[in-house]
Amino acid sequence: MPPNPTETLLDTGAALQTRQTVCPLDCADTCSLEVTVQADKLTAVRGGKENPFTRGKLCAKVVNSFPAQVHGELRIKTPLLRQASLGGSNFQPISWEQALDLIYERFSEVQERWGNEAIAPLSYGGPMGILAGGSMDQRFFHRLGATLVDSSTLCAGTSNAAWDTVFGDAGGIDLEEIADSKLILVWGNNVTTCNLHLTTIIRNACKQGSKLVVIDPKRTRIARDADLHIPLLPGSDVALAYAVTALLDASGDLDEDFISKHTHGAQAFRDAARDFDLARASEICGVDPALIQDLADMFRRHRPAGMSIGVAPERNRNGSAGLRAAFSLMAVTGNIGPRGAGICDVSRFFPVDGERLSRPDLAPANLRKINVLDIPRYVLEPGEETPLRALFIYNHNPVAVHPEQQRMREALLSEDVFVVGSDVSMTDSMACADLVLPATSHFEYGDVYKAYGHRYLQRSRAVVPAQGEALSNMELFRRLAARFGFGEPAFSDSDDEMIDQAFASANEDIPRKADGTALDMTPYAEPGMLRGGAFTTPSGRIELFSETMHTHCGQGTPQYLELPQKRSFVLVTPASEQRVNSTFGGLKEQQADLVCEIHSADATAHGVEDGTLIELYNERATVKLPAQVTDDVRPGTLFVPKGAWIADSPTGVTVNALLPGHQESAIGGACYYDCGVDIRPAS
């Protein structure tokens, strides 16, 4: 509990307490929160004033949903064991001792028959604190010798790989520096939904004369404010970046001095760009060629340029290529180094020692590592490889998040695999588990939060007691380690000790200074690129051509690949203004956006009226949704916000059942936006 909470006595004698904490969700802004607690219950959530970046402003979904998530009917409060019944199955409460014994027994059976690598954690982006997101849990699975699972392929992994390919680990610019950019590019980032507080910085800069370009298939709210909006076809980002490069090259407007001093492979990149003349790029991107010309003119006339690029461009077969091309465009125009020039990236501000938290040294050598997207295959069709026969789901709702939803459900419900789940709520994924464990919400334990949308570190404390028998991830895996007989001192570390370990190599005072406030991490940051930070690429420069990528997948320069299949529409599943990924998906009041947005011309051509129930279908599934006719989406695309739960679908599946399972070439990232569908009136 933070010191000196504000208390107000009510006529009833109960007390209202105002306490400070942090939003833990997978969102760039990591807002400070001010919560009201009465009789150990969370009654209200508001924006906190501690964080100077978020400034007390908070998205409506957090304000509306957290109390219901913590205290609502979906809350899991005791361990639950699946029981077979005439109606199919149901869950019955058991004790924690029984639950831990069952995990030990079933995991031991799997180890004895198939070996340690037949067990795997299935974790992703639930609470984003450094403890809940990867500390005692990873220590446990390392010591167990379980298969390592790379979940970055679901989101941000492709973006990070593209960044490393071009820049190495050199850091970008703080988002607040956009205020000094004369040209602001918002590329594939719906900032009003996913980066709310950056919107204010952008709008203030525009009032001072900065120009705003938004590159997005949809006319988002920030796009309505833009000087230029380019509604390109998903997956065509690489063609757009190349076309602008080619236009500037032809007119002599690339920054030759910068290219000579700081880049590697410039000629190969320029040669590749020349293949994308205005006519070809216009056809690929599905936009008026004048818009591409206008973007080139913007680069000519306005410097410095700053870019905020989201993860949307990575969610297709050209994900890595599109990002590399966009990064390279900033380089060849010399928009890296000066104040207000560069690409937003705050990773350099947070010196967290992940290995001290996760302790990979506890693991045996040569652990198997797999892509999280391949988990259904390892359960259902392992071939000659060791099958997965035990899964532990936490910080994740894979049924609601992964592509090929029906295949994931089939894997989790298979009689061949023992599935343990730990969550706050009874999600679609928990409903597939054999054993469900009650997890604490982040209001019930303390943690430390980095951000990927600002430079402030925040440390929280519990503001309400644990509900029912819920345990934090840290305590859960401490107890499991004890049950498995793991005697290493690492499994006795307290939460506070692990936090100290995470920052010991940087500055041991950081956790104390961040306690109950938002600590500006500028004094602890690594220098940014061309501001003292070195490019750790093989050439020691910005790599416009990568020998590493050429060897890995034949893409020394970024390549454009056609969509593998053609249907009437490309389905886009963007972030929701009602949910954060699938968080809050089970709350009825957060389902108002479960509609399919369709362009008016497409609606007319298919006889669809606003509010008409339509079916979206392909070879994988059929989903029914009401149509919402709008000219904000580009023709040939359909937009359905992500994160819905199966209970909200009349067809027993969500749009994730329509999504393909193929992977992009750099790291095997998910290709959510490579989804072709047709539509028809609902039967």
Side-chain angles (χ1 to χ4, degrees), residues 158 162 185-189 213-219 223 228-250 268-299 307 309-310 312-330 332-333 544 549 553-572 574 599 601-602 633-639 660 662 664-666 669 671-677:
T158 298
L185 295 104
V186 177
W187 196 319
N189 186 13
V213 176
V214 174
I215 301 168
D216 198 294
K218 183 177 180 180
R219 188 167 62 231
L228 176 63
H229 172 221
I230 302 179
L232 81 174
L233 184 72
S236 64
D237 308 78
V238 60
L240 177 64
Y242 269 148
V244 174
T245 299
L247 288 169
L248 296 174
D249 194 6
F269 185 77
R270 292 166 109 153
D271 290 343
R274 292 189 188 108
D275 289 337
F276 292 84
D277 59 37
L278 202 54
R280 184 185 180 210
S282 171
E283 181 180 2
I284 291 172
C285 296
V287 299
D288 189 324
L291 295 178
I292 302 175
Q293 184 68 66
D294 288 345
L295 179 55
D297 290 341
M298 287 281 199
F299 272 101
M307 176 188 290
I309 190 164
E314 78 166 31
R315 296 164 71 89
N316 64 88
R317 76 274 177 208
N318 293 317
S320 175
L323 289 158
R324 290 173 61 204
F327 298 157
S328 298
L329 174 60
M330 295 293 283
V332 296
T333 55
L544 307 180
M549 285 294 287
C553 60
Q555 292 208 28
T557 54
Q559 304 294 310
Y560 173 74
L561 304 175
E562 290 281 353
L563 189 68
Q565 61 180 0
K566 298 289 185 181
R567 285 186 177 267
S568 301
F569 295 94
V570 174
L571 174 63
V572 180
H599 191 273
D602 291 327
V633 303
R634 56 167 286 129
T637 60
L638 303 173
F639 279 70
H662 66 260
E664 63 81 42
S665 58
C671 296
Y672 291 95
Y673 293 176
D674 279 1
C675 183
V677 298

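Since the structure is predicted, the reported quantities are computational estimates derived from the model, not experimental observations.
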Mind checking the [atom1]-[atom2] spacing from [X] to [Y]? Nearest 0.5 Å is all I need.
{"X": "Leu233", "Y": "Cys285", "atom1": "CG", "atom2": "SG", "result": "8.0 Å"}
{"X": "Asn318", "Y": "Leu323", "atom1": "CG", "atom2": "CG", "result": "10.5 Å"}
{"X": "Ser282", "Y": "Gln293", "atom1": "OG", "atom2": "CD", "result": "11.5 Å"}
{"X": "Ile309", "Y": "Glu314", "atom1": "CD1", "atom2": "CD", "result": "10.0 Å"}
{"X": "Leu329", "Y": "Asp237", "atom1": "CG", "atom2": "CG", "result": "12.0 Å"}

Determine whether [X] and [Y] make a side-chain contact, defined as any pair of heavy atoms from C-beta on separated by less than 4.5 Å.
{"X": "Ile215", "Y": "Leu295", "result": "yes"}
{"X": "Ser328", "Y": "Thr245", "result": "no"}
{"X": "Met549", "Y": "Arg324", "result": "yes"}
{"X": "Leu638", "Y": "Val572", "result": "no"}
{"X": "Pro217", "Y": "Phe639", "result": "yes"}

Kindly give the heavy-atom pair with the smallest separation between [X] and [Y], and that separation in Å.
{"X": "Trp187", "Y": "Leu240", "result": "CZ2-CD2, 4.0 Å"}
{"X": "Ala321", "Y": "Gln559", "result": "CB-O, 3.3 Å"}
{"X": "Gly669", "Y": "Thr158", "result": "CA-OG1, 3.7 Å"}
{"X": "Ile230", "Y": "Leu291", "result": "CD1-O, 3.9 Å"}
{"X": "Val570", "Y": "Pro234", "result": "CG1-CG, 4.3 Å"}
{"X": "Pro660", "Y": "Cys671", "result": "CG-O, 3.7 Å"}

| message | Which residues pass the salt bridge (charged side-chain N to carboxylate O under 4.0 Å, His left out) test with Asp275, not counting sequence neighbours? | response |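 Checked Asp275 against salt bridge (charged side-chain N to carboxylate O under 4.0 Å, His left out); zero matches.
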| message | Using a 3.5 Å distance criterion without hydrogens, assess whether the side chain of Asp674 forms a donor-acceptor pair with backbone atoms of Arg317. | response |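 At least one qualifying donor-acceptor pair exists.
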| When you measure from the side chain of Asn316 to the backbone N and O of Pro313, does any donor-acceptor pair fall under 3.5 Å? |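 At least one qualifying donor-acceptor pair exists.
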| Check: Glu664/Ser320 side-chain N/O donor and acceptor closer than 3.5 Å |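 No - no donor-acceptor pair under 3.5 Å links their side chains.
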| How would you list, by chain and number, every residue that makes a ring pair (Phe, Tyr, Trp, His ring centres under 6.0 Å) with Phe269, sequence neighbours excluded? |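 Testing Phe269 for ring pair (Phe, Tyr, Trp, His ring centres under 6.0 Å), a comparison that skips the adjacent residues, returns Tyr242.
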| request: Tell me, please, whether Phe276 has Arg280 positioned over its six-membered ring: NZ or CZ under 6.0 Å from the ring centre and within 45 degrees of its axis? | output: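 Yes - Arg280 lies over the ring of Phe276, closer than 6.0 Å to its centre and within 45° of its axis.
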